[in-house]
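Taking it in order: structure first as structure tokens, then the write-up.
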Amino acid sequence: MNGWLALALLSLLSLSVLGYCVRSSKGLWQVAAAAVLLAMTGYALQGRPSLPPAPAQPLAASAEGATQLVEIRADMDESFGSAKRWLVTADSFAKQGDYPLSASYIQSGLRIEPQNADLWSALGLQLMLASEGQMSPPAQLAFDKARAIRPKHPAPYYYAGLARLFAGDLDGAVLLWEKTVSLATPKAKWKTRIESQLQAAKALQAQATQAESNINSK
């Protein structure tokens, strides 16, 4: 697994754990989550994430992070009934780390249901994971297809924001995650998790703005 993807998945996993552990204190959550994002950004800028992880890398945590990404997407599905026969199997492949096989299986479903936005969204995620966390042109095309079929589908916006975050565009990530949250239905199971990640990103954004202000005032 490439270091970029391991970095993305471990950071996502850390944010989810933090959200559960300190959810009773909004201030504590923002500080802790911002620290995770700051450490992630520092590694991306100063480390060498293009190298493969060291042998001591906790790959189980990365695998769990990938599972969480799949679960978030599953929670965002709205027409799961018609796509279920494809996505259950495809998701099991993805959770085992076989993203190309998962993508191939979803493509089989799309040949039968080419207008299924959930299948296009799932394909976008698997292509993104297969490209080591980057928003590759094929992944972008799949998400664009999902959004064209169902303009209010939240998954394309969420994963585009994730890609922006790990590309160093924090402002772009915040805008896309705000759009994602705005598309949540009243009973959306995924809303709380994405709101927590959005709060963390905004906390880091505020810290960056304050740091820039302090520098300019000197």
Nearest heavy-atom neighbours spanning S121 and A146: N-CB, 3.8 Å

Does the S131 side chain pair with the main chain of L127, one donor and one acceptor, at a distance under 3.5 Å? yes

Determine, stepwise, if the pair R111 / S108 fulfils side chain to side chain donor-acceptor pair (under 3.5 Å). CA-CA 5 Å; R111 283 191 282 272; S108 297; 3.1 Å; yes

Verify side chain to side chain contact (heavy atoms under 4.5 Å, CB included) between Y157 and R147, making sure each step is shown before the conclusion. CA-CA 9 Å; Y157 295 99; R147 189 164 46 239; 3.0 Å; yes

What pair of heavy atoms forms the shortest contact from I194 to V181, and how long is it? CG2-CG2, 4.0 Å

Considering all heavy atoms of both residues, which atom of I106 and which atom of A90 are nearest to each other, and what is their separation? CG1-CB, 3.5 Å

Shortest non-hydrogen pair, M128 vs A139, comes out as N-CB, 3.9 Å

Is any NZ, NE, NH1 or NH2 atom of the basic residue among R73 and D91 found under 4.0 Å from an Asp or Glu carboxylate oxygen of the other? yes

Side chain S196, main chain T192, donor-acceptor under 3.5 Å: yes

Given side chains that start at C-beta, do those of F143 and M135 come closer than 4.5 Å, heavy atoms only? yes

With clusters defined by side-chain heavy atoms of hydrophobic residues (ILVMFWY) lying less than 4.5 Å apart, directly or transitively, does L170 cluster with L176? no

Might you point out which heavy atoms bring P114 and I149 nearest each other, and give the distance in Å? O-CD1, 3.9 Å

Roughly how far, to the nearest 0.5 Å, is CG of L125 from CG of L129? 4.5 Å

If you measure from CH2 on W190 to CG on L183, what distance do you get to the nearest 0.5 Å? 6.5 Å

L141 and Y159: same hydrophobic cluster, using ILVMFWY side-chain contacts below 4.5 Å? no

Side chains of L198 and T180, heavy atoms from C-beta outward: is any pair under 4.5 Å? no

Over all heavy atoms of both residues, which pair between A83 and N116 is shortest? Give the atoms and the distance, please. CB-ND2, 3.7 Å

Spacing of R150 atom CZ and D118 atom CG [to the nearest 0.5 Å]: 4.5 Å

From K95 atom NZ to E71 atom CD, the distance as rounded to the nearest 0.5 Å: 5.0 Å

Residues that W86 engages under ring-ring contact (aromatic ring centres under 6.0 Å, His included), provided they are two or more places apart: Y105

Distance in Å, K191 NZ paired with T185 OG1, rounded so as to fall on 0.5 Å steps: 8.5 Å

Ring pair (Phe, Tyr, Trp, His ring centres under 6.0 Å) assessment of W177 paired with Y158: CA-CA 6 Å; W177 284 356; Y158 172 68; 5.7 Å; yes

